[in-house]
Amino acid sequence: MKFYICIKQVPDINAPVQIKNGDLIRDTDRTVLNAYDASAVEEALVLTEKNEGEEDGEVEVVLVGPDNASETIRKALAMGADKATHIRTDGNTDYDSSVYAKILASFFKDKEYDVISCGKQSQDTDAGLTGSMLAEYLDLPYATNAVGLQMEGNQLIVTRQGDAGREVIALPGPCLVTCSNDMNEPRIPSLKGIMQSKRKPVETIGLETLEMEEADLQTQTTVTGYREKPEREAGQKFEGDPEELAHKVAKLLDEEANVI
Amino acid sequence: MSTLLTHIAISDGTIKRSSLEVLSYLRQQADTHGHDAEAVIIDAAASDFVEQVRQYGASKIYTVEDPVFKNHINTPLLKALALVMDKADPYLFAFASTEGTKDILGALAANQDAAVLSDVSAFELTGDGIKATRPVMAAKILSENEARGDKILISVRSGSYEANPKGADGEVVNIDFSIDENEIQATLREIIGASGDKVDLSEAETIVAAGRGTRDEEGQRLVTELASVLNASIGASRALTEAGILDPSLQIGQTGKVVSPRLYIAVGISGAIQHVAGMASSKVIVAINKDPEAPIFDIADYGIVGDLYKVLPPFIEELKNIKR
Ligand SMILES: Cc1cc2nc3c(=O)[nH]c(=O)nc-3n(C[C@H](O)[C@H](O)[C@H](O)COP(=O)(O)OP(=O)(O)OC[C@H]3O[C@@H](n4cnc5c(N)ncnc54)[C@H](O)[C@@H]3O)c2cc1C
Ligand SMILES: Nc1ncnc2c1ncn2[C@@H]1O[C@H](COP(=O)(O)O)[C@@H](O)[C@H]1O
């Protein structure tokens, strides 16, 4: 059973940010492994462990990103992934989901695998596009927003959170799935895992080795600027006797806010 | 003159209001810029919804009707959408941002080589594309985006625009559709916990959201009673869906749903940034929390610092009196 997990390094959304002249200024350059991708790695680890003995389960992570993204790759290896490919981009490239999907598609063109897993979205942009784009480029059956995965022979059984309920879908392999963090609690790398990660193979390749057309690296969308969200003011806060508070706020909701 | 096309999402036999919001806005844009606002309904009973869509002023309504569309499955939907795009040749194709849309938007864009922006909260047409606003960084910040080209796909957050009817006698165009069993590689086996006739959270007018503070039986009872007095939908923080206390479809936030009700009452919710990402655009926010430092109070219009077990019973009584 061979899993490829597409992992992305994203800015930590909990770190403070400011906006100056329409640019996003991060007070720290703190970056993290996209939380949804961590869930995808976790689930692949669980599924391949279960299949141990039957055949060789393998989990390989792939990341498209700058040099410093190697830290994020280490994190996935420390969780337990077996090996990694780092597709290196130049320092400050600003690609959109479509370009990342095209890069990944060229990488996967001549690879063999049972399942490709992605996160359901990037934590910083919430775009949620790369996974299904990649499936389309590779012509793979796919499902998004998985909250549960199971292997059944060579079928992947995906439980996805849909509009009307949880849809249970059987995908023939090879296939692609995008994962929600509602699927599991990603393990925290152990000390042993961290030590071992340093000896695991990471292959670094440049974009030029993927033989892509120049046009495929042109984005069709651009971010032209950032602005603060109109700040929500903290309103009135009441402390004291619960009974009195309850009456007061109920009245205000009725008479002031007009929402009852 | 170009075509601005709206996808009409249908779930549980009703049209999602958010699709009508998108259609209403595109109709206004079409009027201003001299374009056509058209709509497409893809459903097992598509023709049943034509009259309602007509009332929102689409000048042409495409229908694709086939039993396969009874439930959401991505392969047939993508095939139908590609057919529709061939036929209607839209300059802009807009969707309501539902889970169904999220499942196919990227694939459709890749298939059609179209520029795509997901989950926008506002947009307008420019000469050679569109400009759109997207919340980013867990909705703490707004990004301004441009999409260029002659084929653009977007999905729009619910509540971004108003749905307002405007009669028109839009022509109906039925598109022939068929799909082979073996083209549908994925098989839908079952649907668990379908919401039935409950109001979709993303369209609810009033929401009572329950957090970890309400996790015992009494807490849940109080939340249910409060919701019933207010005729509200119940939502949840991740703490409660993760613990299996409330259905996962009720989760509000970055992983869960984005909501924009008139009234949002957060009960025993701390206000983590990933939760706030899904509810910060509620009109009036009320928070009940025993920790005066809880971040939810930074965005609440009315904050009650107190133990929910002591606050809710008299609060429910008072609301009952007001309703009477
Ligand atoms: C990638 C990612 C995505 C996420 N997506 C989501 C999401 O979509 N939605 C979401 O909700 N979370 C999401 N989370 C989780 C989020 O970070 C928080 O962990 C979660 O929102 C906490 O839920 P809570 O506020 O109910 O619980 P807590 O943070 O534990 O807060 C409980 C609150 O209840 C109060 N309380 C306790 N007892 C009482 C009482 N008797 N009376 C009054 N108040 C009381 C406490 O003071 C406390 O403030 C996500 C996290 C990650 C990493
Ligand atoms: N640069 C990248 N390298 C590897 N995977 C990526 C990259 N960008 C996006 N992905 C995958 O696509 C998902 C997010 O897609 P999106 O929300 O469109 O950015 C992530 O969770 C990853 O699985």
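Numbers restart at 1 for each chain; the letters A, B, ... are given by sequence-line order, proteins then strands. Fair warning: this is a prediction, and the values are worked out from it, not measured in the lab.
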Problem set entry | Under 4.5 Å from a heavy atom of chain B, the part of A257(A) involved | both
Exercise. Side chains of N71(B) and E167(A): do they bring a donor and an acceptor to under 3.5 Å?
Worked result: no
Problem set entry | Interchain contact, E233(A) with chain B, by part (heavy-atom threshold 4.5 Å) | backbone
Problem set entry | Within-4.5 Å side-chain heavy-atom neighbours: L129(A) and L105(B) | yes
Exercise. Is the shortest heavy-atom distance from the side chain of D124(A) to the side chain of V136(B) under 4.5 Å?
Worked result: no
Exercise. Is it the backbone or the side chain of L156(A) that comes under 4.5 Å from a heavy atom of chain B, or both, or neither?
Worked result: neither
Exercise. Can you say whether V229(B) sits under 4.5 Å from chain A via the side chain, the backbone, both, or neither, judging by heavy atoms?
Worked result: neither
Problem set entry | Atom group of Y36(A) that falls short of 4.5 Å from chain B, counting heavy atoms | side chain
Exercise. Would you call E318(B) and V249(A) a side-chain contact if the rule is heavy atoms closer than 4.5 Å?
Worked result: no
Problem set entry | Residue part contacting chain A, namely of R148(B), when any heavy atom lies under 4.5 Å | both
Exercise. Which region of I19(A), side chain (C-beta onward) or backbone (N, CA, C, O), has a non-hydrogen atom less than 4.5 Å from a non-hydrogen atom of chain B, or is it both or neither?
Worked result: side chain
Exercise. Side chain, backbone, both or neither: which part of E242(B) has an atom under 4.5 Å from a heavy atom of chain A?
Worked result: side chain
For this session: Would you mind checking if R166(A) and D247(B) are paired as a salt bridge, meaning a charged N to carboxylate O distance below 4.0 Å?
Result: yes
Seminar exercise, completed: The interface call for T222(A) against chain B, heavy-atom contacts under 4.5 Å, is both
Exercise. After noting the C-alpha distance and the side-chain angles of R232(A) and D301(B), does the key distance pass the side-chain contact (heavy atoms from CB on, under 4.5 Å) rule?
Worked result: CA-CA 9 Å; R232(A) 256 199 112 97; D301(B) 301 287; 2.9 Å; yes
Exercise. V259(A) versus T206(B): any side-chain heavy-atom pair under 4.5 Å?
Worked result: no
Exercise. Quick one: what part of T178(A) sits under 4.5 Å from any heavy atom of chain B, side chain, backbone, both or neither?
Worked result: neither
Problem set entry | Any Y142(A) side-chain heavy atom under 4.5 Å of I104(B) side chain | yes
Exercise. In terms of heavy-atom proximity below 4.5 Å to chain B, should K251(A) be classed as side chain, backbone, both, or neither?
Worked result: both
For this session: Select one option (side chain, backbone, both, neither) describing which atoms of T224(A) are under 4.5 Å from chain B's heavy atoms.
Result: both
For this session: Verify whether one side chain among D182(A) and T255(B) offers a donor that lies under 3.5 Å from an acceptor in the other.
Result: no
For this session: Go through the atoms of K102(B) and report whether side chain, backbone, both or neither lie under 4.5 Å from a heavy atom of chain A.
Result: backbone
Exercise. With only heavy atoms counted, which part of A35(A) is less than 4.5 Å from chain B, the side chain, the backbone, both or neither?
Worked result: neither
Exercise. By a 4.5 Å heavy-atom criterion (distance strictly below it), what part of E136(A) contacts chain B: side chain, backbone, both, or neither?
Worked result: side chain
